[in-house]
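Computed over heavy atoms, backbone and side chain alike; hydrogens, waters and symmetry mates excluded.
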Amino acid sequence: MKNIAVIGSGTMGNGIAHTFAQFGYQVNLVDISDDALSKALSTISKNIDRQVSKGTLSEDEKLDTLSRITLYTDLRDGVSDVGLVVEAATENLELKLKIFKEIDSFAKPETILASNTSSISITKIASVTGRGDKVIGMHFMNPVPVMKLVEVIRGYATSDETTEAVMALSRKLDKVPVEVNDYPGFVANRILMPMINEAIYTLYEGVAGVAEIDTVMKLGMAHPMGPLQLADFIGLDVCLAILNVLHDGFGNPKYAPCPLLVNMVTAENKGVKSGEGFYNYSNGIKEATIASKFSK
């Protein structure tokens, strides 16, 4: 699997492409928009510049990494001759099913199809393909080049051979793969999202303010980032989508998203990506302030 295709050039997709290319893989980065692809390549270049400035990569290694990334707007061309496809599109079930159905028809029969989904059933995704044994979850963490974990999710039909191949490949990327089974939210988000949701409820019910909630969790629980700020970084729309998957999948009211979260997403206050969530990012991430809605 020296040739890899990554579908989607957003934050996760460009990070995954960056990581594979850095470790010597030829990467086809696929998106429907030339502008999105150009933006992704620019982001990858800037992120590698940070690695160069820190001394973790040389200038030659930067050029080599970028030279291994080829941009495609045609899905068929992008996946027709690769050993692994990693889908990193928006966390939307219908979109993912459409993409996987198309990938299945375009990719070689032996190609492994992976999804970077953070909560959607791998078994459901595999059901629209003719290769359920070769469909698997490969859930990278953001930022991909930095974070060590890869949550490897086995669908109901995923074979041992596919799982072992993806676990071995993850280690070649200097990641730590952890194998989990296919249930709503897997492990990472089944545990993380209820905590974030509870933090939002704590704010919603007036127990404490944004800064107070995040400070308690940072100083009291040694979390590097408070849950409300973390939700902003993940994207409040993504948090809401994952909570809906958990709520629908388990039918348990403890996973019901807080009404405040629903309202914020409806109002397009999605966190960092929209410029405002629980914090305001108009002056940049490092100069974030409490959003006026929540300031005292």
For the backbone of [Y] and the side chain of [X], can you confirm whether one donor and one acceptor N or O come within less than 3.5 Å of each other?
{"X": "Arg131", "Y": "Asp104", "answer": "yes"}
{"X": "Ser42", "Y": "Ser38", "answer": "no"}
{"X": "Thr19", "Y": "Gly15", "answer": "yes"}
{"X": "Asp214", "Y": "Gln229", "answer": "yes"}
{"X": "Thr202", "Y": "Val207", "answer": "no"}
{"X": "Asn189", "Y": "Ser119", "answer": "no"}
{"X": "Asp232", "Y": "Phe278", "answer": "yes"}
{"X": "Lys175", "Y": "Met147", "answer": "yes"}

For the student: nearest non-hydrogen atoms of Asn244 and Pro257, plus distance: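 Answer, listing the atom of Asn244 first, then Pro257: OD1-CG, 3.6 Å.
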
Closest contact, heavy atoms only, Leu66 versus Ile48: CD2-CD1, 4.0 Å

Sequence neighbours excluded, every pair satisfying ring-ring contact (aromatic ring centres under 6.0 Å, His included) that has a member inside residues 97-146: none

Would you say that more than 12 heavy atoms from the other residues, nucleotides or ligands in this model lie under 6.0 Å from the [atom1] of [X], or not?
{"X": "Tyr183", "atom1": "OH", "result": "no"}
{"X": "Lys46", "atom1": "NZ", "result": "no"}
{"X": "Lys2", "atom1": "NZ", "result": "yes"}
{"X": "Glu110", "atom1": "CD", "result": "yes"}

Parallel, tilted or perpendicular: rings of Tyr204 and Tyr201 (30°, 60°): perpendicular

Tyr156 vs Asp182, side-chain contact (heavy atoms from CB on, under 4.5 Å): CA-CA, chis, key distance, verdict: CA-CA 7 Å; Tyr156 190 81; Asp182 185 25; 5.9 Å; no

